Protein chains: 2
Amino acid sequence: MTDARAATIEDVARHAGVSRAAVSKVIRNAYGVSPAMRERVTAAIEALDYRPRVAARAMRGSSFTLGIELPHIGNPFFTKIVAGATAALQGTGYQLIIAPADVDGEEGVRALGALADRQVDGIIAISPLVSTAWLERLGTRMPIVMIGRHDRSENYDTVTGDDAEGTRLAMAHLFDLGHRRIAHLTRSADVTHPGSGTPHAVRLEQYLASMRSAGLEHEIRVIRTGMTEDAARVDTLAALDDDRPTAIFVGNDELALGALRAVGEAGLTPADVSVVGYDDVDIASHPAISLTTIDQSGVEMGDRAIRLLLERIRDGRIEPTHFSVTPVLKARASTRAVRTG
Amino acid sequence: MTDARAATIEDVARHAGVSRAAVSKVIRNAYGVSPAMRERVTAAIEALDYRPRVAARAMRGSSFTLGIELPHIGNPFFTKIVAGATAALQGTGYQLIIAPADVDGEEGVRALGALADRQVDGIIAISPLVSTAWLERLGTRMPIVMIGRHDRSENYDTVTGDDAEGTRLAMAHLFDLGHRRIAHLTRSADVTHPGSGTPHAVRLEQYLASMRSAGLEHEIRVIRTGMTEDAARVDTLAALDDDRPTAIFVGNDELALGALRAVGEAGLTPADVSVVGYDDVDIASHPAISLTTIDQSGVEMGDRAIRLLLERIRDGRIEPTHFSVTPVLKARASTRAVRTG
DNA sequence: CTGAAAGCGCTTACAG
DNA sequence: CTGAAAGCGCTTACAG
């Protein structure tokens, strides 16, 4: 009835006939509380349906909230990372909040800043488009795990896939199938800046290296596109010209789905143009899609990122840790032996 | 250098030689600030790289944060809702945080509670598995928009698809193709409880009604499954027995993809067993998938939910509003005319 | 083991 | 237009 405002710690203390400090201790499971007091307080909490305000707690202690910055919520690979993180958080008392940075590339700073402003106890940043210096500064303020990028720092942990190795696997697979004219479809130049350490940068560099060491420098062809499947479809379609490649190594699965769509729309099949993706999102294994790709276990990445964060928060770890997952080739029907003619 | 702790409003006030109240007014763009003072404060904010702590603001005013509860982050339809919401938030000064409830059905309460504990200024709840009474109580405390469920309340807004109409479109399409033996693949009984108003409940009821009014009561077959594509694959496979249906109307696209996979694994094609989904997720239109489905515009739902929330927060609207999007049939290759034999 | 008091960083009336 | 003071709901030393 008199539901006007939710109970506060003051209400609970009064109801139980104890001090606010005592209630606080019970809530936090702190030492120095008699069983009798614990019982009375617990009963009062129950009776008043009391829940501590996170904002008030955050002012003095911690917010029991971990934040994850998502560059593009439409990408199912990121979704797998979040699923892994969510599962790892079960029973820890911490809550995950996601800050989507969907709109454009510059939004990463905003999303990360928004998490910091909310006093989260730690942040997972997925291949954020911010400078190492910026992230390092944030890392002095709170625990950070960066997923994806290969640049390291004393101030934050990293969880990465071995993108060079993954790319080598993909290229070797195509070479084995007899392909020589292999194009690479990747994001715009600002995401693949050499030395930036982004997954896309590393994959591009290794693509170039693999082509060169196979003596195929003259066959190198880099196609640029945006962040979405549809952008990839449009840009692939434009690249299926007279001089078209026999295979395309694509920077990630979401873009590879667009490339596959383009191949179909051009009246071709994987027998004409093979497509390899990267990530192994769920739909890649669907028989109708059957996309050859590199599995880099997003679930494990999310799980690991949470563990690293909790180590810093609860165990007080300071030294940076760098964890790497091993990529695995998933050969499927979207890659075929090159036509001999 | 002395980056020990981030600047507070006190630091800014001192730097600018004004009171904290003055800084607060400038931040909030409140009335009664001379241009000169505004300029000095702005300069000080810039110089100190000051950002107000959200937790502190939330204690007195608002958190400028909106929360969205996601039942299952793996479902790309929910992802579209989030994308619509994110876009609608651009330039409003509000930030969206997502609370995933991925783990199991009961997690909805936890996720919603977590958002409430964080003093968000408003909440979007996607078909939450909580009672109307529970949600109503929450609605007295903060603005709420519920997406999906058809139950209404004086205390919150709703954004729904016309699930009965969408189901009618799907069933009419199958009838037109000559199907009679049409099964319905849906979630477990606790999600389709009659009268609960969940989308799955409404779709199930309309499936039954459509079958009955077509004189096909004896062909009714309801197959139950879990929340994931893989669960749907397994349960569909089990249903492709000697007495198998010629068509399956599936509760949503994610499950329909699993059903499609099962059809393939059973050595059949849509020419043997047609499949209709619901939602029109992106991959449904991929030529290799080509899933017939009902488009209910998740992006528009997310956009609308944000607008309704902001109306309550900023304009002080009190009367509940109910918004419905109109479903559209997307007929594709996963539905074929029934074989005459 | 228990509690009174200070303080976290803001906003909000209220004086001036 | 400007500022001093109270207060939001917690946690944290510090006494007792």
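The structure displayed is predicted, hence computed values, not measured ones. Numbered from 1 within each chain, the chains take letters A, B, ... in sequence-line order.
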Original post:
Can you tell me if A/Thr160 uses its side chain to pair, donor with acceptor, with the backbone of A/His150 under 3.5 Å?
Top reply: no
Among the candidates [options], find the nucleotide nearest to the side-chain atoms of [X].
| X | options | answer |
| --- | --- | --- |
| A/Ala22 | C/dG3, D/dT2, D/dA4 | C/dG3 |
| A/Lys25 | D/dC10, C/dG3, C/dC8 | C/dG3 |
| B/Met59 | D/dG9, C/dC10, D/dT12 | D/dG9 |
| A/Arg60 | D/dT12, D/dC1, C/dT12 | D/dT12 |
| A/Ser24 | D/dT11, C/dA4, D/dG3 | D/dT11 |
| B/Arg53 | C/dC10, C/dG3, D/dT11 | C/dC10 |
| A/Ser19 | C/dC1, D/dG9, C/dA4 | C/dA4 |
| A/Met37 | C/dT2, D/dC10, D/dC1 | C/dT2 |

Original post:
For residues B/Ser24 and B/Arg28, is any side-chain donor paired with an opposing acceptor at under 3.5 Å?
Top reply: yes
Original post:
Would you call B/Arg118 and A/Arg118 a side-chain contact if the rule is heavy atoms closer than 4.5 Å?
Top reply: no
Subject >> Side chain to side chain, B/Val18 and B/Lys25, heavy atoms closer than 4.5 Å >> reply: no
Rounded distance (Å) that lies between atom [atom2] of [N] and atom [atom1] of [X]:
| X | N | atom1 | atom2 | answer |
| --- | --- | --- | --- | --- |
| B/Arg14 | C/dG9 | CZ | P | 11 Å |
| B/Asp117 | D/dG9 | CG | C1' | 13 Å |
| A/Arg51 | D/dG9 | CZ | P | 16 Å |
| B/Glu39 | D/dC1 | CD | P | 16 Å |
| B/Ile9 | D/dA4 | CD1 | C1' | 14 Å |
| A/Ile45 | D/dC10 | CD1 | C1' | 13 Å |
| B/Leu48 | C/dG9 | CG | C1' | 15 Å |
| A/Glu10 | D/dG7 | CD | P | 13 Å |

Original post:
Can you tell me if the side-chain N/O atoms of B/Thr8 get under 4.0 Å from OP1 or OP2 in C/dC8?
Top reply: no
Subject >> Under-4.0 Å side-chain N/O to phosphate OP1/OP2 contact, B/Arg57 with D/dC8 >> reply: no
Subject >> Identity of whatever pairs with D/dA13 - Watson-Crick or G-U, under 3.5 angstrom >> reply: none
Original post:
Which part of the nucleic acid, if any, lies within contact of A/Tyr31, taking any heavy atom under 4.0 Å across all strands shown: a base, the sugar-phosphate backbone alone, or nothing?
Top reply: nothing
**OP:** Could you check B/Val23 against A/Val18 and say which one's nearest nucleotide on DNA chain C is further toward the 5' end?
**Re:** A/Val18
**OP:** Return the 5'-most residue of the pair B/Gln119, B/Arg38 with respect to DNA chain D, ranking by each residue's nearest nucleotide.
**Re:** B/Arg38
Original post:
Taking for each residue the nucleotide of DNA chain D bearing the nearest heavy atom, is the 5' side occupied by B/Ala36 or by A/Arg20?
Top reply: B/Ala36
Original post:
With a 4.0 Å cut-off, would you call A/Arg149 and A/Asp151 a salt bridge?
Top reply: yes
Subject >> Evaluation steps, side chain to side chain contact (heavy atoms under 4.5 Å, CB included), between A/Asp49 and B/Arg137 >> reply: CA-CA 12 Å; A/Asp49 193 26; B/Arg137 205 140 46 87; 3.9 Å; yes
